[in-house]
**Student:** 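Input: one structure, supplied below.
Hydrogens, waters and symmetry mates play no part in the numbers below; they use all other heavy atoms, side chains included. In this text the structure is predicted, and so the values were computed from the model without any measurement. To find a chain, count down the sequence lines: A is the first, B the second, and so on, and within it residues start at 1.
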There are 2 protein chains.
Amino acid sequence: MAKRDAGAQGSLRLGVDRNSPVPLYFQLAQQLEKAIETGGLTPGSLLGNEIELAGRLGLSRPTVRQAIQSLVDKGLLVRRRGIGTQVVHSQVRRPLALTSLYDDLAAAGQRPATRVLRNDIEPAGPRVAAALGIAEDAEVAVVERLRLTHGEPMARLTNYLPAGLLELKTAELEESGLYQLLRRAGITLHSARQAVGARAATAAEATELAEAPGGPLLTMERTAFDDTGRAVEFGSHIYRASRYTFEFQLLDRS
Amino acid sequence: MAKRDAGAQGSLRLGVDRNSPVPLYFQLAQQLEKAIETGGLTPGSLLGNEIELAGRLGLSRPTVRQAIQSLVDKGLLVRRRGIGTQVVHSQVRRPLALTSLYDDLAAAGQRPATRVLRNDIEPAGPRVAAALGIAEDAEVAVVERLRLTHGEPMARLTNYLPAGLLELKTAELEESGLYQLLRRAGITLHSARQAVGARAATAAEATELAEAPGGPLLTMERTAFDDTGRAVEFGSHIYRASRYTFEFQLLDRS
DNA sequence: CAGGTCACGTTGTCCTGACAATTGACACGG
DNA sequence: CCGTGTCAATTGTCAGGACAACGTGACCTG
């Protein structure tokens with residue numbers, strides 16, 4: 001009699017290029033992820049045991065495990081001891097972490113427009129200083145932007161960055177997102193602390209966003225840190241609740 | 001001349017119990033995490049190289065790496081090739097994922113009160129069926145609750161669960177959070193999909209929450225899945241914006 | 001003194017091998 | 001018919017070693 005079925009992938013073509021500088025486990029992870037996305041691996045299907053998979057690919061088991069683990073961390077796979085590893089029954093799959101509004105909109109196929117209202121340098125002041133962990137009289141770059149889609153205002157973004165970190169040109173800010181500019185300057189974001197709330201629009205805000213006075217606004221404050229733990233950016237943003245909602249996926253932190 | 005300083009922890013007492021059923025890497029990870037929390041390992045300090053650490057503890061390098069990696073995933077440590085592993089310059093440290101409002105409040109030291117407004121069974125209907133991935137005429141348990149703190153309304157929670165999953169007793173719902181009851185029933189949450197928005201309060205909602213009509217409300221919809229990918233719960237909640245904000249931390253998903 | 005070069009230390013990747021723990025399926029006995 | 005024990009399959013954990021890639025700092029050179 002045959003061994004237990006080694007999974008539903010069957011003739012899924014997998015293979016690694018040992019001459020590539022890309023790590024083997026990463027190559028495998030990418031191929032598996034692609035197979036899941038394209039439907040080559042259907043939700044609920046077993047992945048075939050690690051030993052056999054390693055043998056078939058000419059890899060060692062730890063390498064295969066590392067690839068699988070990275071997908072488990074992404075929430076694409078679930079491991080079950082004694083059973084096997086299976087593709088999670090995805091309903092929706094949206095990671096959405098540490099991206100800016102611009103990235104989100106661009107990914108959705110919309111081409112957002114930006115109007116820079118202000119691009120200055122000024123002393124931080126108590127609130128910004130506390131958020132960025134700097135002195136109150138330290139200088140920060142202040143950027144105020146209005147984000148529009150389909151010609152309609154969508155959000156009003158206010159950002160504070162430690163001065164000297166990066167030169168922000170107004171023209172660049174109208175062309176791409178703030179986070180893109182940061183990455184381009186060699187700053188890699190590592191983590192961020194966010195707070196999302198709501199409040200009624202003031203008269204000035206209502207005018208600016210073409211919303212009714214007293215209408216509901218979604219507020220978001222975020223402080224972003226790079227991998228040294230240094231605060232890189234503090235933003236205080238308001239969104240028209242009628243045109244925007246935050247969507248994200250949570251994974252258990254066990 | 002001496003070797004490069006093996007890190008700032010120096011006389012930090014670490015050790016594992018090989019007779020414990022707790023995995024070695026987990027023991028080490030816990031001790032390191034505790035040392036970071038209590039200040040035994042100060043932010044920015046090096047952790048000492050993995051080889052030496054492994055030798056000192058009588059462990060192999062992969063085991064030590066696994067422990068360190070788990071803390072890197074949590075955002076507590078940062079690895080730098082050629083440099084070493086250092087404690088992240090923590091500003092704030094808040095995981096906050098996949099918890100219920102009750103959990104959050106309880107963790108904050110408040111003792112929330114719950115008033116169960118409804119606890120019924122009914123057909124799902126199109127909206128709930130789509131969220132849970134079941135048939136429209138399938139029966140679901142419907143729970144409506146009012147959450148109060150300090151005697152004041154805070155949120156109105158509406159939850160839908162597939163019928164037969166769990167017996168929800170009104171008395172239990174007033175005593176603990178829904179997610180606690182799920183865990184107690186052996187259901188382990190794996191992931192959730194959330195959407196956070198805002199809107200103005202209707203007259204009925206304003207009365208119920210003791211808020212001004214038309215006042216800003218924070219809305220949250222969440223579908224939670226267990227580790228088989230089965231939808232376990234769909235919730236549609238409203239919070240008084242004046243009394244609640246969502247706070248959470250993001251880590252880069254590289 | 002400035003700039004490039006090289007040695008060194010550290011983490012990244014990968015291999016082989018072994019045993020433990022957990023789950024599900026099946027045969028067996030009550 | 002049902003409970004129970006046994007067994008096989010699979011992932012979980014751990015060891016020990018080897019080489020590669022990368023960043024730093026010291027050294028050498030111009």
**Student:** Residues in side-chain hydrogen bond (donor to acceptor under 3.5 Å, both in side chains) with S70(B), at least two apart?
**Tutor:**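 By the side-chain hydrogen bond (donor to acceptor under 3.5 Å, both in side chains) rule, S70(B) matches no residue at all.
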**Student:** Please report, rounded to the nearest Å, how far the P atom of dG12(D) is from the CD atom of Q69(A).
**Tutor:**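 Interatomic distance, CD of Q69(A) to P of dG12(D): 7 Å.
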**Student:** Rounded to whole angstrom units, what separation is found between the CD atom of Q86(A) and the C1' atom of dG24(C)?
**Tutor:**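 For the pair Q86(A) CD and dG24(C) C1', the rounded distance is 13 Å.
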**Student:** Extract all donor-acceptor atom pairs below 3.5 Å that involve side chains of residues 22-30 of chain A and protein atoms in other chains or at least two apart in sequence.
**Tutor:**
from   : atom 1 : to     : atom 2 : distance (Å)
Q27(A) : OE1    : D17(A) : N      : 2.8
Q27(A) : NE2    : D17(A) : O      : 3.0
Q27(A) : NE2    : V22(A) : O      : 2.9

**Student:** Would you mind telling me which residue lines up with the more 5' stretch of DNA chain D, Y25(B) or I51(A), judged by nearest nucleotide?
**Tutor:**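 Its nearest nucleotide being more 5', the pick is I51(A).
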**Student:** Any salt bridge linking K169(B) with E174(B)? Criterion: basic side-chain nitrogen under 4.0 Å from a carboxylate oxygen.
**Tutor:**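 Between E174(B) and K169(B) there is no salt bridge, as every charged N stays at least 4.0 Å from the carboxylate O atoms.
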**Student:** Can you find a side chain N or O atom of R65(A) that sits less than 4.0 Å from OP1 or OP2 on dG12(D)?
**Tutor:**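 Affirmative; the distance criterion is met.
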**Student:** Please tell me which of the listed nucleotides, dG12(C), dC14(C), dT13(D), lies nearest to the side chain of E50(B)?
**Tutor:**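 Among the listed nucleotides, the one closest to the side chain of E50(B) is dG12(C).
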**Student:** Using whole Å, report how far CD of Q66(B) lies from C1' of dG12(C).
**Tutor:**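 Atom-to-atom, Q66(B) to dG12(C), this comes out as 16 Å.
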**Student:** Is there a side-chain contact between Q66(B) and R61(B) (heavy atoms, below 4.5 Å)?
**Tutor:**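 No - every pair of side-chain heavy atoms lies 4.5 Å or more apart.
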**Student:** Please produce a list of atom pairs where a protein N or O lies less than 3.5 Å from an N or O of nucleotides 3-8 of chain D.
**Tutor:**
none

**Student:** Please pick, from dT13(C), dT23(C), dT11(D), the nucleotide with the shortest atom-to-atom distance to any side-chain atom of T85(A).
**Tutor:**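 Between dT13(C), dT23(C), dT11(D), the one nearest the side chain of T85(A) would be dT11(D).
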**Student:** Please state whether the phosphate of dT11(C), meaning OP1 or OP2, lies under 4.0 angstrom from any side-chain nitrogen or oxygen of R80(B).
**Tutor:**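 No, R80(B) has no side-chain N/O under 4.0 Å of OP1/OP2 on dT11(C).
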**Student:** Between P on dG9(C) and CD1 on I83(B), what's the gap in Å once rounded to a whole number?
**Tutor:**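 Between P of dG9(C) and CD1 of I83(B): 14 Å.
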**Student:** Considering residues at least two apart in sequence or located in another chain, which fulfil the side-chain hydrogen bond (donor to acceptor under 3.5 Å, both in side chains) criterion with E122(B)?
**Tutor:**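 side-chain hydrogen bond (donor to acceptor under 3.5 Å, both in side chains) check on E122(B) returns R118(B).
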**Student:** What is the separation between atom CG on L46(B) and atom P on dG9(C), rounded to the nearest whole Å?
**Tutor:**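 L46(B) atom CG is separated from dG9(C) atom P by 15 Å.
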**Student:** For A124(B), what residues pass the side chain to side chain contact (heavy atoms under 4.5 Å, CB included) criterion, not counting sequence neighbours?
**Tutor:**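 Result, side chain to side chain contact (heavy atoms under 4.5 Å, CB included) vs A124(B): V128(B), A129(B), I134(B), V140(B).
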**Student:** Measure from CG on L77(A) to P on dG12(D) and round the result to the nearest Å.
**Tutor:**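 Interatomic distance, CG of L77(A) to P of dG12(D): 11 Å.
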**Student:** Starting at atom CZ of R81(A), determine the distance to atom C1' of dT11(D), rounded to an integer number of angstrom.
**Tutor:**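 Whole-Å distance recorded here is 6 Å.
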**Student:** I'd like to check the side-chain hydrogen bond (donor to acceptor under 3.5 Å, both in side chains) partners of Q86(A); sequence neighbours left out, ordered by chain and number.
**Tutor:**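 Partners of Q86(A) by the side-chain hydrogen bond (donor to acceptor under 3.5 Å, both in side chains) criterion come out as none, since no residue qualifies.
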**Student:** Just to verify, what does A195(A) make a side chain to side chain contact (heavy atoms under 4.5 Å, CB included) with, not counting sequence neighbours?
**Tutor:**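 With neighbours one apart ignored, the set is E247(B).
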**Student:** Please list, pair by pair, any protein nitrogen or oxygen found under 3.5 Å from a nitrogen or oxygen in nucleotides 15-18 of chain D.
**Tutor:**
from    : atom 1 : to     : atom 2 : distance (Å)
dA15(D) : OP1    : R18(B) : NH2    : 2.8
dA15(D) : OP2    : S60(B) : N      : 3.0
dA15(D) : OP2    : S60(B) : OG     : 2.8
dA15(D) : OP2    : T63(B) : OG1    : 2.4
dA18(D) : N6     : R61(B) : NH1    : 3.3

**Student:** Return the value, rounded to whole Å, for the distance between atom CD1 of I68(A) and atom C1' of dT10(D).
**Tutor:**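 Result: 11 Å.
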**Student:** Please list, chain by chain and in numerical order, all residues satisfying side chain to side chain contact (heavy atoms under 4.5 Å, CB included) with P162(A), sequence neighbours excluded.
**Tutor:**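 By the side chain to side chain contact (heavy atoms under 4.5 Å, CB included) rule, P162(A) matches L132(A), L165(A).
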